[in-house]
*Asks:* 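Below are the structure tokens for one structure; questions will follow.
Numbering of ligands and ligand atoms starts at 1, following listing order.
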Amino acid sequence: MKWLSLTTLALFAPSHALIRFPCAQLVVDRLDPLVNPGLIPSPHLHQIVGGNSFNATMDPSKDMPGESTCTTCQFSEDFSNYWTAVLYFKARNGTYKRVPQMANSGFDGVKGGMTVYYMQDGLYNFQQTSKVTAFKPGFRMYIGDVNARSKEDIARFRQLTYTCLQDINTRDPQILDFPKEPCPYGIMTALRFPTCWDGKNLDSADHMSHMAYPESGTFETGGPCPASHPVRMGQLFYEVNWDTRQFNNKEDWPEDGSQPFVWSFGDSTGYGNHGDYVFGWKGDALQRALDQPCYINCPTLKTQNVQAMNSCSKDRVVTEDNIDDWVETLPGGMVAGM
Ligand SMILES: *[C@@H]1O[C@H](CO)[C@@H](O)[C@H](O)[C@H]1NC(C)=O
Ligand SMILES: *[C@@H]1O[C@H](CO)[C@@H](O)[C@H](O)[C@H]1NC(C)=O
């Protein structure tokens, strides 16, 4: 039957089985409720997006979506918080300046922040794979190693990458450390989280071991989850566009030919790239989205406009850090090359 075979073909065609959405900046602050709950200030500076109930302490038993009154994310039922460290430029004269973020491709007008993806399937996966499960209330996780300074140090992680943007749509090559030359359109950092859950724990001591990577292949190729972590989740994925364009003058770069960018925790290699996630979707909104493949336009989700996203923000709690001007030291006294 003609119609049936067409339908079957459509099922096997590459579909954008993912949601991709912008989240504007909520705040840039020295807080980390996942790794250093309650610590004010936390050791290094972060940039945070999502629901405005973000705080130094975020009790997993609290109803986060219920406490937020707004979110910086386009999908207005998403009160999760997503955060990373902050990028700095170290000029030849030894002073530092924070590198601002800019809107990603397709998201003009969004103030800083980052792009968040939840992938139901690989972009390039032509086969149907089983449905993926949404994270649960109270779920949180971390990926990366703040102390990593070499390729070997991050061998156990997959897909924590940098792209030197030639234009806003550059995606390759993806490398594991800071680009060595000026990037005409800035630097993109990308973080893909593990996708296999142990099915029991909403968090773990290192904030990672309740999750695992597929035991063979990748999430994108439909790789199976290990028996210890049998539940296949959607793949959470961040892209952050760092606008390095004002720092591309090589006269200001180090004389020894090294690159000048440094993470807010002192890493000049880039291997210490890491990200944090605290789930906060309202009700079953995320599962609804994951059950019905959609791309940008997701009929099952409520959206808000750019103005509403940009107008949700939060005052900094740690005000001792000067995050706007040229500074002698990184916030918290972090030193480049640590
Ligand atoms: C934020 O945390 C402080 C304590 O660190 C607490 O006093 C305050 O109530 C919290 N605010 C919210 C909105 O949870
Ligand atoms: C250091 O260099 C930067 C970049 O050239 C410049 O903007 C800044 O004013 C300089 N700071 C000092 C203290 O010389």
*Asks:* What atoms of ligand 2 come closer than 4.0 angstrom to any heavy atom of Thr95?
*Replies:*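 Result: 1 (C), 11 (N).
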*Asks:* Give me the ring orientation class for His44 and His274: parallel if the planes are under 30° apart, tilted from 30 to 60°, perpendicular past 60°.
*Replies:*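 Judged by the thresholds at 30° and 60°, the geometry between His44 and His274 is perpendicular.
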*Asks:* Going by the order shown, which atoms of ligand 2 are within less than 4.0 Å of some heavy atom of Asn93?
*Replies:*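 Heavy-atom distances to Asn93 below 4.0 Å select 1 (C), 2 (O), 3 (C), 8 (C), 10 (C), 11 (N), 12 (C), 14 (O).
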*Asks:* In terms of side-chain heavy atoms, does Asn273 have a donor or acceptor partner in Thr189 at a distance below 3.5 Å?
*Replies:*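 The answer is no; no qualifying pair exists.
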*Asks:* For ligand 2, which atoms sit closer than 4.0 Å to a heavy atom of Asp252?
*Replies:*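 Ligand 2 atoms under the 4.0 Å threshold to Asp252: 4 (C), 5 (O).
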*Asks:* Is the closest side-chain donor-acceptor distance between Thr69 and Asn52 under 3.5 Å?
*Replies:*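 Their side chains do contain a donor-acceptor pair, which is all the 3.5 Å distance test asks for.
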*Asks:* Classify the ring geometry of Tyr277 against Phe139: parallel below 30°, tilted from 30° to 60°, perpendicular beyond 60°.
*Replies:*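 Tilted.
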*Asks:* Counting only non-hydrogen atoms of the protein, does one fall under 4.0 Å from atom 9 (O) of ligand 2?
*Replies:*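 No.
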